[in-house]
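Down below is the structure, laid out as structure tokens.
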Amino acid sequence: MDTQAMTAVDRFGLGRRGTEPLPDDPQGWLRDQLTGPDRIIFPTTLGTSADGLRALHAQRMQKLPGNPLVKPLLDAEASAQLGALLATDQPFRERLVWFWANHFTVSIRQGGTQAVVGPYIREAIRPHVTGRFADMLLAVMRHPAMLLYLDNAGSVGPNSPAGLRSHRGLNENLARECLELHTVSPAAGYAQADVTSFAAILTGWSVDMNATEPGFVFRPRAHEPGPKTLMGRTFPEGEDGGVQALAFLGTHPATYRHIATQLAVHFVSDTPPPSVVAALATALVRSDGDLGAVSRALVTQRAAWMPRTKFRTPWDYTVAALRALDLGARSSEDAAPPDPDHTPGHLLRAAMAFLGQPVWTAPLPNGWSDRAADWAQPADIMARTDWAYRLSAHATNVDPVAIAEAVLGAAAPSRTMTAIHHAGSRQDGLTILFSSPEFQRR
């Protein structure tokens, strides 16, 4: 079995789906996913962020207990988007969607985001995964989900008409996280004064819940007047000042170094070679921040093809296990089965929650960790074995040895294959496979 083909499917993809054919040209297979159209088709019933905001507004106005209008929207989004992970034939592209959604984390721990987190990924992240980083940044920063999550919707310039009347002031959350996590990072050497100034630039960037089409709105009367200076650059007052500031940050060399490092950590190793980070940063600089170009550069890095150097997070692990059993064969455009609690997406959502990485519920704005030290404690491994045993009880009509050969290939040592072959039952054999050190890594 071609080791490079298996690495392409595991490292850059989401794990082999049953016994699907492996790519004859692994690098070409990956490049094709970046140049072709996004083939995921979501049900039109999912709606838009405006639909989510209408539901949230109605729920608040009527003081309805139990989240009755928003929860069905969230559940449908999670089922559809997780189901796409299991069914997609563009796994590299889909991994990039989830990578960037984690980079620009919006968590449903902030209750107002539950109505719009799904549309946020479909509207602000997915369309830009092979486009320019600066365009994705602007789409993210203007999206109601991010404005609600990091409290910018209520940020008011102290010297604005609204600020002078209400004595309300700046909320620096969005500005701080954009600088620290989303763009230049602390390595750029910005100061607290830059955070405050950037927060002033973003005053008035808010969410209109009452509009015919609810969504982003710029409120001039809440905007701090006058020009502002950010990292040595001066930006005019008004909405355009914010647009210009984001274009500056989105194309800054420090931003390119930061996101190159994150890409290398995700795809190469927890401690990637500096040469890989430098190559990815160079690709970003030369392409004006083209994410398709840097993704193509990534697949040419020799270090990225060293097998099994990345420990799978719970998200990675559960997706790979369910794909191995081909439980996502139902395509995303198919009609939902009668019981939505038994869709592949629902099964994956429950698995992620059980293993400590519930979907869209990161505890902090820096998202979920990509590093083995945060997921490989003994209790974590035991939980995976427990989940694997319960999953395997429902996997009928499969041969554990055949599945192991399909999803591990040459990576499976003889001791693992022997243990699976001599397992007392099909359930035990699959549990051994999914608990093996080889399956824990990609």
Could you check whether any side-chain heavy atom of [X] comes within less than 4.5 Å of a side-chain heavy atom of [Y], counting everything from C-beta outward?
X: Thr105; Y: Asn366; result: no
X: Leu391; Y: Leu325; result: yes
X: Phe133; Y: Ile259; result: yes
X: His143; Y: Leu147; result: no
X: Leu181; Y: Phe104; result: no
X: Asn152; Y: Leu150; result: no
X: Leu291; Y: Leu284; result: yes
X: Arg93; Y: Arg126; result: no

> Is there a side chain to side chain contact (heavy atoms under 4.5 Å, CB included) between Met231 and Leu249 once you walk through the steps?
Replying inline: CA-CA 10 Å; Met231 296 178 65; Leu249 293 171; 4.0 Å; yes
Are any side-chain N or O atoms of [X] and backbone N or O atoms of [Y], one a donor and one an acceptor, separated by less than 3.5 Å?
X: Asp208; Y: Val217; value: no
X: Arg426; Y: Ser392; value: yes
X: Arg442; Y: Asp316; value: no
X: Ser107; Y: Pro363; value: no
X: Lys310; Y: Arg371; value: no
X: Gln301; Y: Ala279; value: no
X: Asp2; Y: Ala5; value: yes
X: Thr309; Y: Val268; value: yes
X: Gln110; Y: Gly112; value: yes
X: Thr113; Y: Ala145; value: no

Least distance between heavy atoms, [X] atom then [Y] atom:
X: Thr416; Y: Ser436; result: CG2-CB, 3.9 Å
X: Ala376; Y: Ile381; result: O-CG1, 4.2 Å
X: Gly250; Y: Tyr256; result: O-CE2, 3.6 Å

Working to the nearest 0.5 Å, report the span between [atom1] of [X] and [atom2] of [Y].
X: Arg142; Y: Phe218; atom1: CZ; atom2: CZ; result: 10.0 Å
X: Trp100; Y: Leu96; atom1: CH2; atom2: CG; result: 8.5 Å
X: Leu179; Y: Glu172; atom1: CG; atom2: CD; result: 10.5 Å
X: Leu327; Y: Arg17; atom1: CG; atom2: CZ; result: 12.0 Å

>> Please verify the inter-ring angle class for Phe439 with Tyr317; under 30° counts as parallel, over 60° as perpendicular, anything in between as tilted.
In response: perpendicular
>> Can you classify the ring geometry of Phe216 versus Trp205 as parallel (below 30°), tilted (30 to 60°) or perpendicular (above 60°)?
In response: perpendicular
Check: [X]/[Y] side-chain N/O donor and acceptor closer than 3.5 Å:
X: His128; Y: Asp135; result: no
X: Thr196; Y: Gln192; result: yes
X: Arg132; Y: Thr251; result: no
X: Thr300; Y: Gln27; result: no
X: Ser155; Y: Asn171; result: no
X: Asn173; Y: Glu177; result: no
X: Glu237; Y: His223; result: no
X: Thr48; Y: Glu123; result: no
X: His346; Y: Ser79; result: no

> Which of these, Val116, Val117, Val207, sits in a side chain to side chain contact (heavy atoms under 4.5 Å, CB included) with Ser49?
Replying inline: Val116
>> Let's go through Leu53 and Leu148 carefully: what are the C-alpha distance in whole Å and the side-chain angles of both, what is the deciding distance for side chain to side chain contact (heavy atoms under 4.5 Å, CB included) to 0.1 Å, and is it a yes or a no?
In response: CA-CA 11 Å; Leu53 291 173; Leu148 292 172; 4.2 Å; yes
>> Given the ring of Phe198, does Arg176 sit roughly above its face, with NZ or CZ under 6.0 Å from the centre of the six-membered ring and within 45° of the axis?
In response: no
Using ring centroids (six-membered ring only for Trp), state whether [Y] and [X] fall under 6.0 Å.
X: Trp375; Y: Phe311; value: no
X: Phe434; Y: Trp387; value: no
X: His252; Y: Phe248; value: yes

Salt-bridge contact [X]-[Y] (side-chain N to carboxylate O under 4.0 Å):
X: Glu77; Y: Arg122; answer: yes
X: Arg323; Y: Glu20; answer: yes
X: Asp51; Y: Arg54; answer: yes

>> Go through it in stages, so that I can follow the logic: the residues are Val299 and Phe267, the test is side chain to side chain contact (heavy atoms under 4.5 Å, CB included), and I'd like the CA-CA distance, side-chain angles, deciding distance and then a yes or no.
In response: CA-CA 9 Å; Val299 304; Phe267 283 98; over 6 Å; no
> Picking from Trp29, Trp305, Phe99, what satisfies ring-ring contact (aromatic ring centres under 6.0 Å, His included) with Phe12?
Replying inline: Trp305
> Per the salt bridge (Lys or Arg N to Asp or Glu O under 4.0 Å) rule, which among Arg312, Arg441, Arg95 passes with Asp10?
Replying inline: Arg312
> What do you reckon, is CZ of Arg109 surrounded by more than 12 foreign heavy atoms closer than 6.0 Å?
Replying inline: yes
> Under 6.0 Å from the CZ atom of Arg233, do we count more than 12 heavy atoms belonging to anything else shown?
Replying inline: no
> Given Ser185 and Glu180, is the side chain to side chain donor-acceptor pair (under 3.5 Å) satisfied, shown in steps?
Replying inline: CA-CA 4 Å; Ser185 85; Glu180 179 180 346; over 6 Å; no
> Could you go step by step and tell me if Leu14 and Trp98 meet the side chain to side chain contact (heavy atoms under 4.5 Å, CB included) rule?
Replying inline: CA-CA 11 Å; Leu14 301 166; Trp98 286 76; over 6 Å; no
>> One pair to check against side chain to side chain donor-acceptor pair (under 3.5 Å): Gln81 and Glu94. What are the steps and the verdict?
In response: CA-CA 10 Å; Gln81 296 202 37; Glu94 203 64 18; over 6 Å; no
> Please walk me through it: do Asp380 and Arg384 pass salt bridge (charged side-chain N to carboxylate O under 4.0 Å, His left out)?
Replying inline: CA-CA 6 Å; Asp380 299 324; Arg384 293 187 182 202; over 6 Å; no
